[in-house]
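So the structure is just underneath, and the comments pick up after that.
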Amino acid sequence: MNQRMLSIIIVGARGRMGTALIREVMDSEDMTLGACVDRSGGPGIGQDAGRLAGGPEIGVLVTDDLKPRRGSVVVDFSLPNATEARIRACVEQGIPLIIGTTGLSEEDDKLLVEAGESIPIVYAANFSVGVTLLLQLAGEAAAALGPDWEAELFELHHRFKRDSPSGTALRIGKAVADASGRKFSEVAMTDRASLRRAREKQEIGVVALRGGDSPGEHTLMFLGEGERIELTHRAGDRAIFARGALRAARWAATQPPGLYDMFDVLGLRE
């Protein structure tokens with residue numbers, strides 16, 4: 001018996017993540033592209049989604065109107081100013097939502113919690129399976145090693161990235177702090193250049209590097225007397241984030257209502 005194809009609706013189709021998602025769905029054996037949506041007035045409106053992603057025509061045109069259909073999953077990597085409308089459209093139709101849009105407001109966060117009572121939602125700032133596992137390992141290592149080990153973290157991203165340190169780096173640092181009974185906002189150290197003192201025991205250093213075309217690299221170091229442990233994740237292609245989001249879509253399609261993250265998708269939630 002043939003497995004039913006999962007229909008994917010991509011919001012934010014013209015963005016880097018949007019085009020990566022289109023390519024991954026086109027190459028998938030168990031998914032089909034149900035629709036592609038982008039901002040009203042954008043240059044990609046009316047264009048074939050396959051061509052937009054650098055492939056052959058597939059007969060799906062980019063539109064500015066989100067009309068989710070039952071049996072589909074919406075994957076949203078658009079701008080935050082339209083998040084409320086996307087969430088309400090999915091709730092109205094009872095459609096699962098995967099959302100990777102960053103920079104959401106407190107009102108958007110509250111709406112996600114509310115909407116999670118009606119539909120399954122997976123919300124994550126980073127959909128990489130490897131990064132999710134790194135976050136898990138960071139906390140476990142910090143708890144096991146104890147206070148005698150010092151934690152330092154560096155991250156590298158392409159030269160166009162504006163925020164520094166990266167959101168993922170801050171999440172890794174927070175995972176270490178939480179596991180060792182510290183408040184990350186109080187022990188994070190992102191600038192030592194102006195300080196003329198030795199490193200304090202509780203600090204968690206975070207160093208950001210910018211250059212080249214790296215999609216993202218994070219290395220967490222635990223430093224003890226005479227030994228060092230390094231946990232590293234390197235993203236070589238933006239497609240890893242698209243694959244993670246589509247893995248979340250497959251998972252969410254069979255889940256009850258709730259607000260989930262990638263820890264739930266990977267079965268790492270205690």
Side-chain angles (χ1 to χ4, degrees), residues 9-13 15-18 21 37-40 42 64 66 68 73-128 131-132 135-136 138-139 153 155 157 161-179 181-191 204 206 208 216 218 241 244-245 248-249 251-252 255-266 268-270:
I9 298 173
I10 297 173
V11 181
R16 292 181 180 180
M17 275 301 301
L21 284 163
V37 181
D38 208 87
R39 64 181 177 84
S40 180
D64 59 2
L66 175 60
V73 178
V74 171
V75 182
D76 183 3
F77 279 84
S78 62
L79 297 175
N81 57 359
T83 297
E84 179 179 352
R86 311 297 193 206
I87 296 172
R88 295 195 185 281
C90 290
V91 170
E92 183 177 337
Q93 296 298 323
I95 303 299
L97 172 63
I98 312 302
I99 182 166
T101 302
T102 57
L104 299 187
S105 65
E106 290 185 7
E107 290 74 17
D108 290 331
D109 289 338
K110 292 177 182 177
L111 183 57
L112 282 173
V113 173
E114 178 184 323
E117 299 177 359
S118 303
I119 60 172
I121 299 174
V122 180
Y123 174 47
N126 190 316
F127 277 89
S128 162
V131 165
T132 303
L135 287 166
Q136 179 83 2
L153 171 67
E155 55 97 345
H157 282 84
K161 188 171 180 61
R162 297 182 180 183
D163 56 316
S164 175
S166 71
T168 297
L170 296 177
R171 290 181 66 205
I172 295 170
K174 186 176 184 303
V176 172
D178 290 347
R182 289 173 280 179
K183 189 172 182 179
F184 183 59
S185 61
E186 297 177 353
V187 298
M189 178 57 65
T190 59
D191 179 15
I204 299 176
V206 184
H218 297 83
F241 307 112
W251 180 85
Q255 299 304 309
L259 180 56
Y260 305 103
D261 59 21
M262 284 298 287
F263 287 92
D264 297 300
V265 174
L266 300 185
L268 298 175
R269 185 73 64 197
E270 295 181 356

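Here the structure is a predicted model, which means the values were calculated and not measured. FYI, the numbering just counts along the sequence from 1.
- Here the side chain of Thr101 pairs no donor or acceptor atom with the backbone of Pro80 at under 3.5 angstrom.
- Atoms CG and CZ, from Leu21 and Phe241 in turn, are 12.0 Å apart once rounded to the nearest 0.5 Å.
- For Ser105, the side chain to side chain donor-acceptor pair (under 3.5 Å) partners at least two apart in sequence or on another chain are Glu107, Asp108.
- Closest approach of Ile98 and Ala245 over heavy atoms only: CG2-O, 4.0 Å.
- Distance check: Asp64 CG to Arg39 CZ gives 10.5 Å after rounding to the nearest 0.5 Å.
- To the nearest 0.5 angstrom, Leu112 atom CG is 6.0 Å from Leu104 atom CG.
- In this structure, CG on Leu268 lies 10.0 Å from CG on Leu135, to the nearest 0.5 angstrom.
- Checked against Val74 for a side chain to side chain contact (heavy atoms under 4.5 Å, CB included), the options Leu97, Ile99, Ile10 give a single hit: Leu97.
- Take Leu79 and apply the side chain to side chain contact (heavy atoms under 4.5 Å, CB included) test, not counting sequence neighbours, and it matches Asn81.
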Could you list the donor-acceptor pairs under 3.5 angstrom formed by side chains in residues 257-264, with sequence neighbours left out?
from   : atom 1 : to     : atom 2 : distance (Å)
Tyr260 : OH     : Pro256 : O      : 2.9
Asp261 : OD1    : Phe263 : N      : 3.0
Asp261 : OD1    : Asp264 : N      : 3.3
Asp261 : OD1    : Arg269 : NH2    : 2.5
Asp261 : OD2    : Arg269 : NH2    : 2.4
Asp264 : OD1    : Arg269 : NE     : 3.3
Asp264 : OD2    : Asp261 : N      : 2.9

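- Contact detail for Ala13 and Asp38: the closest heavy-atom pair is N-OD1, 3.1 Å.
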Distance-only criterion, 3.5 Å: show the donor-acceptor pairs between side-chain atoms of residues 161-179 and protein atoms not counting sequence neighbours.
from   : atom 1 : to     : atom 2 : distance (Å)
Lys161 : NZ     : Asp163 : OD1    : 3.0
Ser166 : OG     : Ala169 : N      : 3.0
Ser166 : OG     : His218 : NE2    : 3.0
Thr168 : OG1    : Asn126 : ND2    : 2.9
Lys174 : NZ     : Asp178 : OD2    : 2.7

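- Contacts of Phe77 classified as ring-ring contact (aromatic ring centres under 6.0 Å, His included), with partners at least two apart in sequence or in another chain: Phe127.
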Throw together a table of side-chain donor-acceptor distances under 3.5 angstrom for residues 85-93, partners on residues two or more places apart or in other chains.
from  : atom 1 : to    : atom 2 : distance (Å)
Arg88 : NE     : Glu84 : OE2    : 3.1
Arg88 : NH2    : Glu84 : OE2    : 3.3

